[in-house]
Amino acid sequence: VSFGGHPAWLNSIRALLPDVRFIEPDHLPDEQLIRGADAIWLQCNCMSHSDFYKIIRASANANIPLHYFGFASAEQCARQLAGVEADVKA
């Protein structure tokens with residue numbers, strides 16, 4: 001599950017990562033969704049501070065791995081996520 005990101009970034013990355021659930025920035029973080037996720041990814045731009053901290057707390061409480069996208073480019077973020085996924089499955 002991925003939270004955050006500018007709407008244009010979301011439109012671009014969804015096509016690259018169809019198996020990832022992207023949550024729109026205007027939707028409140030759902031703790032049930034976080035608890036059911038394999039991993040949480042954050043694109044910190046276009047995200048409120050309160051949502052940011054709520055997601056971090058919920059993922060820590062549920063022991064769900066938390067990752068941060070390190071790029072603004074959807075293509076680079078997709079490669080970053082794919083690299084982490086490959087490391088986990090190896």
Side-chain angles (χ1 to χ4, degrees):
V1 178
S2 174
F3 292 93
H6 189 273
W9 179 85
L10 287 167
N11 287 337
S12 296
I13 200 164
R14 278 189 175 116
L16 300 171
L17 299 169
D19 295 334
V20 176
R21 183 162 179 195
F22 291 92
I23 308 302
E24 298 287 335
D26 59 346
H27 287 83
L28 295 175
D30 179 354
E31 290 191 38
Q32 288 290 89
L33 178 63
I34 292 169
R35 282 192 287 269
D38 294 327
I40 300 296
W41 282 83
L42 296 178
Q43 178 58 287
C44 296
N45 55 9
C46 224
M47 175 185 287
S48 73
H49 286 95
S50 62
D51 286 351
F52 175 81
Y53 291 114
K54 182 177 181 179
I55 294 164
I56 289 172
R57 275 191 307 276
S59 63
N61 290 340
N63 202 28
I64 304 297
L66 181 66
H67 305 276
Y68 298 88
F69 287 113
F71 308 97
S73 160
E75 292 81 14
Q76 286 179 304
C77 290
R79 284 194 292 272
Q80 180 186 1
L81 188 144
V84 169
E85 293 279 318
D87 289 345
V88 170
K89 292 178 182 175

> Can Ile23 and Leu33 be said to form a side chain to side chain contact (heavy atoms under 4.5 Å, CB included), step by step?
Replying inline: CA-CA 10 Å; Ile23 308 302; Leu33 178 63; 3.5 Å; yes

>> One pair to check against side chain to side chain contact (heavy atoms under 4.5 Å, CB included): Trp9 and Cys46. What are the steps and the verdict?
In response: CA-CA 10 Å; Trp9 179 85; Cys46 224; over 6 Å; no

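In the hydrophobic clustering of ILVMFWY residues, with side-chain heavy atoms under 4.5 Å counting as a link, Leu42 and Val1 come out together. Hydrophobic clustering, with ILVMFWY side chains joined whenever heavy atoms are under 4.5 angstrom apart, keeps Phe69 apart from Met47. Under the 4.5 Å side-chain contact rule for hydrophobic residues, Leu66 and Phe71 do not share a cluster.
Looking only at atom types and distance, the side chain of Arg35 has a donor-acceptor partner in the side chain of Gln32 under 3.5 Å away.
Between Phe52 and Tyr68, the two ring planes are tilted [angle within 30° to 60°].
Atom CH2 of Trp41 sits about 14.5 Å away from atom CD1 of Ile55, to the nearest 0.5 Å. Note that CZ of Arg21 is 8.5 Å distant from CZ of Phe3, once rounded to the nearest 0.5 Å. Separation of atoms OG (Ser59) and CD (Glu31) is listed at 10.0 Å; rounding is to 0.5 Å. Here CZ of Arg79 is found 11.0 Å from CG of Leu17. Values are rounded to the nearest 0.5 Å.
Contact detail for Ala37 and Ile64: the closest heavy-atom pair is O-CD1, 3.3 Å. Ala78 approaches Ile13 most closely through the heavy-atom pair N-CD1, 4.1 Å. The heavy-atom pair separating Leu10 from Pro25 by the smallest distance is CD1-CD, 3.6 Å.
Not counting sequence neighbours, the partners of Glu75 by the side chain to side chain donor-acceptor pair (under 3.5 Å) test are Ser73.
Listed for the Gln43 side chain is no donor-acceptor partner under 3.5 Å among the backbone atoms of Ala72.
Counting non-hydrogen atoms of other residues, nucleotides and ligands closer than 6.0 Å to CG of Asn63 gives a total of 12 or fewer.
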